[in-house]
Amino acid sequence: MPAKPKRGGAVIEPRSYTSNPKKFAHTGSRLQDGPIDTPQHAAAELQHLLCNSIREHLLDTDTTLKAHCDAVELPEGLSYERLYRMSNGTTMMNLTDLMYWVTVIPDFTATLSTSLDTLAEAMLTPSGRA
């Protein structure tokens with residue numbers, strides 16, 4: 001069962017939307033079967049998809065998140081520790097994270113756009129399935 005959002009409704013632990021937290025960003029399947037019935041669930045699914053894309057990019061370029069972070073100057077507020085927590089679903093991705101990865105991964109914008117469209121459609125349909 002997903003953890004309740006913190007006060008204000010905006011901060012969640014994305015990996016709490018799956019029964020197996022190790023699944024987060026390590027599979028192409030959804031975190032949960034069934035309808036996507038809350039914005040928080042949709043956000044968790046989006047982060048799962050995007051972090052999976054980041055992981056695949058790092059694999060394709062034969063590097064690790066740690067090695068990537070050590071090799072570049074990260075923008076203010078980003079660190080290996082933050083990006084690691086984001087990639088395992090313990091920390092929410094934010095707009096700064098998105099914009100950073102847009103500059104690193106050539107097709108990240110397309111992945112983001114397609115994923116957003118799919119999840120928005122799932123939230124708008126009665127069955128809520130992506």
Side-chain angles (χ1 to χ4, degrees):
M1 187 70 171
K4 291 195 183 284
K6 293 186 178 175
R7 188 168 183 221
V11 180
I12 61 169
E13 181 182 58
R15 72 178 185 177
S16 71
Y17 284 82
T18 182
S19 59
N20 180 358
K22 291 180 182 176
K23 182 178 181 177
F24 194 90
H26 285 90
T27 179
S29 64
R30 292 228 347 248
L31 294 175
Q32 287 182 17
D33 289 332
I36 298 175
D37 51 1
T38 67
Q40 293 87 356
H41 180 189
E45 293 285 357
L46 178 62
Q47 183 170 329
H48 165 64
L49 292 167
L50 296 175
C51 287
N52 195 42
S53 175
I54 293 165
R55 181 186 58 80
E56 288 176 352
H57 170 77
L58 294 171
L59 286 169
D60 289 346
T61 56
D62 196 27
T63 193
T64 64
L65 183 60
K66 178 73 169 131
H68 170 80
C69 291
D70 288 345
V72 300
E73 184 175 339
L74 293 170
E76 184 178 346
L78 296 186
S79 65
Y80 165 72
E81 291 77 14
R82 173 174 170 63
L83 294 175
Y84 176 78
R85 290 189 312 272
M86 181 192 74
S87 72
N88 72 16
T90 56
T91 295
M92 280 181 58
M93 181 180 273
N94 65 34
L95 293 175
T96 301
D97 302 313
L98 286 176
M99 297 314 295
Y100 172 70
W101 289 110
V102 161
T103 67
V104 174
I105 302 173
D107 61 347
F108 196 75
T109 304
T111 301
L112 172 60
S113 177
T114 302
S115 301
L116 252 165
D117 286 345
T118 301
L119 289 165
E121 181 64 30
M123 287 193 65
L124 297 173
T125 61
S127 67
R129 295 192 183 271

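In what follows, residues are counted from 1 in the order of the sequence shown.
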Just how far is it from atom [atom1] of [X] to atom [atom2] of [Y], taken to the nearest 0.5 Å?
X: Ile36; Y: Leu31; atom1: CD1; atom2: CG; result: 9.0 Å
X: Gln32; Y: His48; atom1: CD; atom2: NE2; result: 11.0 Å
X: Lys22; Y: Asn88; atom1: NZ; atom2: CG; result: 12.0 Å
X: Glu56; Y: His26; atom1: CD; atom2: NE2; result: 10.5 Å
X: Gln40; Y: Ser16; atom1: CD; atom2: OG; result: 10.0 Å
X: Tyr84; Y: Thr91; atom1: OH; atom2: OG1; result: 11.0 Å

Would you please name every residue forming a side chain to side chain contact (heavy atoms under 4.5 Å, CB included) with Val72, sequence neighbours left out?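 Partners of Val72 under the side chain to side chain contact (heavy atoms under 4.5 Å, CB included) test: His68, Leu74, Tyr100.
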Distance-only, no hydrogens or angles: does the [X] side chain make a donor-acceptor pair with backbone N or O of [Y] under 3.5 Å?
X: Gln47; Y: Gly89; value: no
X: Ser115; Y: Leu46; value: no
X: Thr118; Y: Thr114; value: yes

Contact between [X] and [Y] at the side-chain level, heavy atoms closer than 4.5 Å - yes or no?
X: Met93; Y: Pro14; result: no
X: Leu112; Y: Trp101; result: no
X: Arg30; Y: His41; result: yes
X: Leu65; Y: Leu58; result: yes
X: Ile54; Y: Phe108; result: yes

Asp62 atom CG, over 12 foreign heavy atoms within 6.0 Å: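 Not more than 12 within 6.0 Å, no.
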Listed partners of Lys66 passing salt bridge (Lys or Arg N to Asp or Glu O under 4.0 Å), at least two apart: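 In terms of salt bridge (Lys or Arg N to Asp or Glu O under 4.0 Å), with neighbours along the sequence ignored, Lys66 is linked to Asp70.
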Residue list, side chain to side chain donor-acceptor pair (under 3.5 Å) with Ser87, at least two apart or on another chain: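 Side chain to side chain donor-acceptor pair (under 3.5 Å) list for Ser87, sorted by chain: empty.
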Walk me through whether Met86 and Leu50 qualify under side chain to side chain contact (heavy atoms under 4.5 Å, CB included). CA-CA 10 Å; Met86 181 192 74; Leu50 296 175; over 6 Å; no
Say whether Leu116 and Leu95 are linked into one hydrophobic cluster, either directly or through other cluster members, by side-chain heavy-atom distances under 4.5 angstrom.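 Yes: a chain of side-chain contacts under 4.5 Å links Leu116 to Leu95.
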Side-chain H-bond candidate by donor/acceptor type, Thr63 with Thr61, under 3.5 Å: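 No donor-acceptor contact under 3.5 Å links the two side chains.
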